[in-house]
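First the structure, in the form of structure tokens, and then the observations on it.
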Amino acid sequence: MSDSSSMQKILLTLISLFTLTSILFSQFINPTLSIRYEDFMEEFTPELAIGVKIKIDEERYTGFETTQSSDIEDSRIIVGWNWAQIGLGTKTVDDEIYPSYTFGATYSFIDGLSTNIEYVMTEPEAGIEDHLRLALLITF
């Protein structure tokens with residue numbers, strides 16, 4: 001079994017576990033829409049991401065997001081506590097799947113509107129350098 005195949009199976013298992021746990025213990029499930037700026041320090045091009053935010057309690061949440069630009073598909077699960085957020089996911093580049101990790105901070109302006117800034121890391125083989133991502137998130 002190749003390293004890539006075993007990494008995909010581990011990631012799929014983690015996603016399934018987080019999703020099942022989130023659904024069993026969740027109080028609120030809300031769709032999300034965000035405008036994201038990948039590597040906004042270099043190029044300020046917006047992308048649209050959709051997802052689901054599952055509120056566990058007043059301080060913790062989980063969920064998932066997905067987006068697709070012209071050549072990269074990005075899917076991830078997120079876990080957040082108060083203002084901190086981490087993400088585990090994949091980026092698909094030219095039909096090759098690479099693991100991707102994010103960590104950052106979220107600030108809520110008003111109920112349902114927040115912004116987050118994250119550091120995004122992907123394997124060097126993907127051809128994507130580590131960068132900062134800025135997003136405006138609307139939670140319905």
Worksheet item: Is the count of non-hydrogen atoms from other residues, nucleotides or ligands lying under 6.0 Å from Leu33 atom CG greater than 12?
Response: yes
Worksheet item: Out of curiosity, Ile138 CD1 to Ile50 CD1, how far, rounded to the nearest 0.5 Å?
Response: 13.5 Å
Item to complete: Under the salt bridge (Lys or Arg N to Asp or Glu O under 4.0 Å) rule, collect the residues that match up with Lys53, sequence neighbours excluded.
Response: none
Worksheet item: Any sub-3.5 Å donor-acceptor pair from Thr62's side-chain atoms to Ile78's backbone N or O?
Response: yes
Worksheet item: Honestly curious: do Met41 and Leu134 fall in one hydrophobic cluster under the side-chain, below-4.5 Å linking rule?
Response: yes
Worksheet item: Leu137, Ile86: one ILVMFWY side-chain cluster at the under-4.5 Å cut-off?
Response: no
Response to the item:
Val93 and Ala126 have their tightest heavy-atom pair at CG1-O, 4.0 Å
Practice prompt. Using atom types as modelled and distance alone, determine if a side-chain donor or acceptor of Asn30 lies under 3.5 Å from a backbone N or O of Phe140.
Written response: yes
Discussion item. Has Thr122 got a side-chain atom pairing as donor or acceptor with Ser100's backbone, closer than 3.5 angstrom?
Written reply: no
Item to complete: Show your reasoning for whether side-chain contact (heavy atoms from CB on, under 4.5 Å) applies to Leu132 and Val120.
Response: CA-CA 6 Å; Leu132 290 175; Val120 180; over 6 Å; no
Item to complete: Please step through side-chain contact (heavy atoms from CB on, under 4.5 Å) for the pair Glu65 and Ser34, ending with a clear verdict.
Response: CA-CA 9 Å; Glu65 281 186 333; Ser34 64; 3.6 Å; yes
Worksheet item: Quick one: CE on Met121 to CG on Asp130, what's the gap to the nearest 0.5 Å?
Response: 6.5 Å
Worksheet item: Honestly curious: do Phe40 and Leu136 fall in one hydrophobic cluster under the side-chain, below-4.5 Å linking rule?
Response: no
Worksheet item: Just by distance, do the side chain of Asp57 and the backbone of Glu59 share a donor-acceptor pair under 3.5 Å?
Response: yes
Item to complete: For a side chain to side chain contact (heavy atoms under 4.5 Å, CB included) with Ile128, tell me which candidate from Ile72, Asp74, Asp39 qualifies.
Response: Ile72
Worksheet item: Can you tell me if Ser108 and Ser114 form a side-chain donor-acceptor pair at under 3.5 Å?
Response: no
Item to complete: Look at the aromatic rings of Tyr119 and Phe103 and report parallel, tilted or perpendicular, splitting at 30° and 60°.
Response: tilted
Discussion item. With a 4.5 Å cut-off on side-chain heavy-atom distances among I, L, V, M, F, W and Y, is there a chain of contacts connecting Leu88 to Tyr61?
Written reply: no
Worksheet entry | More than 12 heavy atoms from other groups under 6.0 Å of CD1 on Ile35 | no
Discussion item. Using 0.5 Å steps for rounding, measure from the CD atom of Glu129 to the NE2 atom of His131.
Written reply: 10.0 Å
Practice prompt. For the residue pair Asn116 and Tyr107, establish whether any side-chain heavy-atom pair is separated by less than 4.5 Å.
Written response: no
Worksheet item: Distance from Phe64 atom CZ to Ile54 atom CD1, nearest 0.5 Å?
Response: 7.0 Å
Discussion item. Rounded at 0.5 Å granularity, tell me how far CH2 in Trp81 sits from OG1 in Thr106.
Written reply: 14.5 Å
Worksheet item: With sequence neighbours excluded, what pairs up with Glu38 under the salt bridge (Lys or Arg N to Asp or Glu O under 4.0 Å) test?
Response: Arg36, Arg133
Worksheet entry | Arg76/Glu118 ion pair, N-O < 4.0 Å | yes
Worksheet item: Quick one: OH on Tyr37 to CD1 on Ile117, what's the gap to the nearest 0.5 Å?
Response: 13.5 Å
Discussion item. Within a 6.0 Å radius of atom CD on Glu73, are there more than 12 heavy atoms belonging to other residues, nucleotides or ligands?
Written reply: yes
